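Worksheet: one structure, shown below.
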Amino acid sequence: MQSETTSQDIDLGLQGKVALVTGAGAGIGREIARWLARAGCRVAVNDIHAEAAEQSAAELRAAGREAVAVVANVREEAEVARMVEETRRALGDLHVAVNNVGMNAQRPVTPFVELDGDYVRDVLEQNLVATTLCCIAEARLMLAQGRGGVILNVSSGETTRPSPQLIPYGAAKAGINHLTQSIAAELGPQGIRVVAMAPGTTLTERVRETFRQEHVDAIRESNPLRRMTEPEELGRMAVFLASDLARCVTGQFVLADAGAHLSRSRPANADP
Ligand SMILES: NC(=O)c1ccc[n+]([C@@H]2O[C@H](COP(=O)([O-])OP(=O)(O)OC[C@H]3O[C@@H](n4cnc5c(N)ncnc54)[C@H](O)[C@@H]3O)[C@@H](O)[C@H]2O)c1
């Protein structure tokens, strides 16, 4: 008789499950939505820009997947509640929620002493507040459903070291790591796993367009793997963390940074 390990195919446990991905109209979020769909999820694609959300959802449908666009600004509590409810109404019980919206709120890198309150509040709101509001609404729904679930927050490799000139961003992402730990502890008994993934500088369209080539080369050269993270690698990672392969993983952040956190010669402001 064959043992269980050789006789059974690997089941990711994601077939037919409903996944919501915020900020999935572009970049890393769009790639996460693509990979969760490939793993069998039915996907709600959120973005603040209707056209971007519709385009990502249409691409998934064209590939034979089930997907809907849910337009909402995840910085606004009422819009977050509507986003989660629209997802449930369109696709059914929510199983995987990926809180991907973040970035430096389109603010330039700025020395600490030149920051002002508007800048600080904007970046904290775009990252820590928005992610917290999403986690609250998603966790409420998952608890009401009573079938557990997975919440995956997108953090940053910036949290492994000081982030000069990006101080509110680094602090907000470090807050997301702690938030992830705490919610995991509180909701673990109800079968809800909460994890974070922390990308290093990732070659999204935006990074390709806005970073000077010398800067990209310098980051690549300073990473132990001599490469940069590709958006699709974060899609793969999201599938792993959301799947039953990671069913014992909760309350931690997992780096996907080509080893950047190990580097002693990392260029400044490598994470936009
Ligand atoms: N790109 C990188 O190098 C990198 C590195 C580390 C961490 N990250 C993190 O990864 C996540 C995604 O980054 P990205 O580079 O793919 O960003 P991006 O700017 O390329 O895409 C973000 C998407 O989110 C949408 N969005 C922005 N604000 C929103 C809001 N309030 N509500 C709903 N949608 C909104 C945008 O319209 C856009 O489609 C962020 O949390 C970022 O901090 C990125």
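This chain uses plain numbering: 1 for the first residue, then up along the sequence. Everything quoted here is computed from the prediction, not taken from an experiment.
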Practice task
Apply salt bridge (Lys or Arg N to Asp or Glu O under 4.0 Å) to the pair Asp244 and Arg193, showing each step before the final yes or no.
Solution key: CA-CA 11 Å; Asp244 284 352; Arg193 293 195 294 113; 5.8 Å; no

Exercise for the section: Please lay out, stage by stage, how Leu128 and Ile176 fare under the test side-chain contact (heavy atoms from CB on, under 4.5 Å). Expected result: CA-CA 6 Å; Leu128 184 55; Ile176 288 174; 4.0 Å; yes

Exercise for the section: Could you walk me through whether Asn223 and Asp257 pass the side-chain contact (heavy atoms from CB on, under 4.5 Å) test, one step at a time? Expected result: CA-CA 8 Å; Asn223 285 344; Asp257 68 347; over 6 Å; no

Practice task
Using a 4.5 Å cut-off on heavy atoms from C-beta on, say whether the side chain of Gln126 contacts that of Val101.
Solution key: yes

Practice task
Taking atom CD of Glu186 as the centre, report whether more than 12 heavy atoms of other residues, nucleotides or ligands fall under 6.0 Å from it.
Solution key: no

Exercise for the section: Using a 4.5 Å cut-off on heavy atoms from C-beta on, say whether the side chain of Val254 contacts that of Val195. Expected result: no

Problem - side-chain contact (heavy atoms from CB on, under 4.5 Å) assessment of Tyr119 paired with Asn104 - result: CA-CA 9 Å; Tyr119 182 122; Asn104 208 38; 3.1 Å; yes

Handout entry: Within residues 10-29 or reaching into it, pairs that qualify as side chain to side chain donor-acceptor pair (under 3.5 Å) - sequence neighbours excluded
Key = none

Exercise for the section: Mark yes when over 12 heavy atoms from residues, nucleotides or ligands other than Gln190 sit less than 6.0 Å from its CD; otherwise mark no. Expected result: yes

Exercise for the section: Flag the pair Ser163 / Tyr169 as yes when at least one side-chain heavy-atom distance between them is below 4.5 Å, and no otherwise. Expected result: no

Fill in the blank from the handout: All heavy atoms of Thr229 vs all of Gly200, minimum pair found to be OG1-N, 4.1 Å

Problem - Leu166 and Val123, any side-chain heavy atoms less than 4.5 Å apart - result: no

For residues 57-68, which side-chain donor-acceptor pairs fall under 3.5 Å, sequence neighbours excluded?
{"unit_1": "Glu59", "atom_1": "OE1", "unit_2": "Arg34", "atom_2": "NE", "d": "3.3"}
{"unit_1": "Glu59", "atom_1": "OE1", "unit_2": "Arg34", "atom_2": "NH2", "d": "2.8"}
{"unit_1": "Glu59", "atom_1": "OE2", "unit_2": "Arg34", "atom_2": "NE", "d": "2.7"}
{"unit_1": "Arg61", "atom_1": "NH1", "unit_2": "Ala67", "atom_2": "O", "d": "2.7"}
{"unit_1": "Glu66", "atom_1": "OE1", "unit_2": "Arg42", "atom_2": "NE", "d": "3.1"}

Practice task
Indicate yes or no: at least one non-hydrogen side-chain atom of Glu76 is less than 4.5 angstrom from one of Ile48.
Solution key: no

Practice task
Indicate yes or no: at least one non-hydrogen side-chain atom of Met83 is less than 4.5 angstrom from one of Cys134.
Solution key: yes

Practice task
Give the C-alpha distance, both sets of side-chain angles, the deciding distance and a yes or no for salt bridge (Lys or Arg N to Asp or Glu O under 4.0 Å) between Arg38 and Glu232.
Solution key: CA-CA 12 Å; Arg38 290 182 66 185; Glu232 69 118 5; 5.6 Å; no

Handout entry: Other residues, nucleotides, ligands: >12 heavy atoms within 6.0 Å of Gln106 CD
Key = no

Handout entry: Carboxylate-amine/guanidinium proximity below 4.0 Å for Glu86 and Arg89
Key = no

Exercise for the section: Could you check Ile192 against Leu143 for side-chain contact (heavy atoms from CB on, under 4.5 Å), going step by step and ending with a plain yes or no? Expected result: CA-CA 8 Å; Ile192 299 174; Leu143 288 176; 3.8 Å; yes

Handout entry: Heavy-atom pair of closest approach, residues Ile28 and Pro199
Key = CD1-CG, 4.4 Å

Practice task
Return the minimal non-hydrogen interatomic distance between Phe211 and Ile219, and the atom names on each side.
Solution key: CE2-CD1, 3.9 Å

Exercise for the section: State, to 0.1 Å, how close Ala105 and Asp122 come at their nearest heavy-atom pair, and which atoms those are. Expected result: CB-OD2, 3.6 Å

Exercise for the section: Count the heavy atoms belonging to other residues, nucleotides or ligands that lie under 6.0 Å from CD of Glu77, then report whether that count exceeds 12. Expected result: no

Exercise for the section: Take Glu230 and Arg208 through the test salt bridge (Lys or Arg N to Asp or Glu O under 4.0 Å) and record every step on the way to the result. Expected result: CA-CA 11 Å; Glu230 297 284 345; Arg208 286 181 198 279; 3.4 Å; yes

Problem - Candidate list Thr131, Asn99, Asn153, test side chain to side chain donor-acceptor pair (under 3.5 Å), partner Thr180, passing option - result: Asn153

Problem - Which atom of Val74 lies closest to which atom of Leu133, heavy atoms considered - result: O-CD1, 4.3 Å

Exercise for the section: Kindly indicate, with the supporting measurements, whether the criterion salt bridge (Lys or Arg N to Asp or Glu O under 4.0 Å) is fulfilled by Glu85 and Arg82. Expected result: CA-CA 5 Å; Glu85 178 54 20; Arg82 179 180 52 74; over 6 Å; no

Problem - Member of Leu245, Leu234, Val96, Leu36 meeting the side-chain contact (heavy atoms from CB on, under 4.5 Å) criterion with Val239 - result: Leu36

Practice task
Hydrophobic side-chain clustering at under 4.5 Å (ILVMFWY, transitive links): who's grouped with Val71? Put none if nobody.
Solution key: none

Exercise for the section: State, with a plain yes or no, whether a side-chain heavy atom of Met237 is found less than 4.5 Å away from one of Leu152. Expected result: no

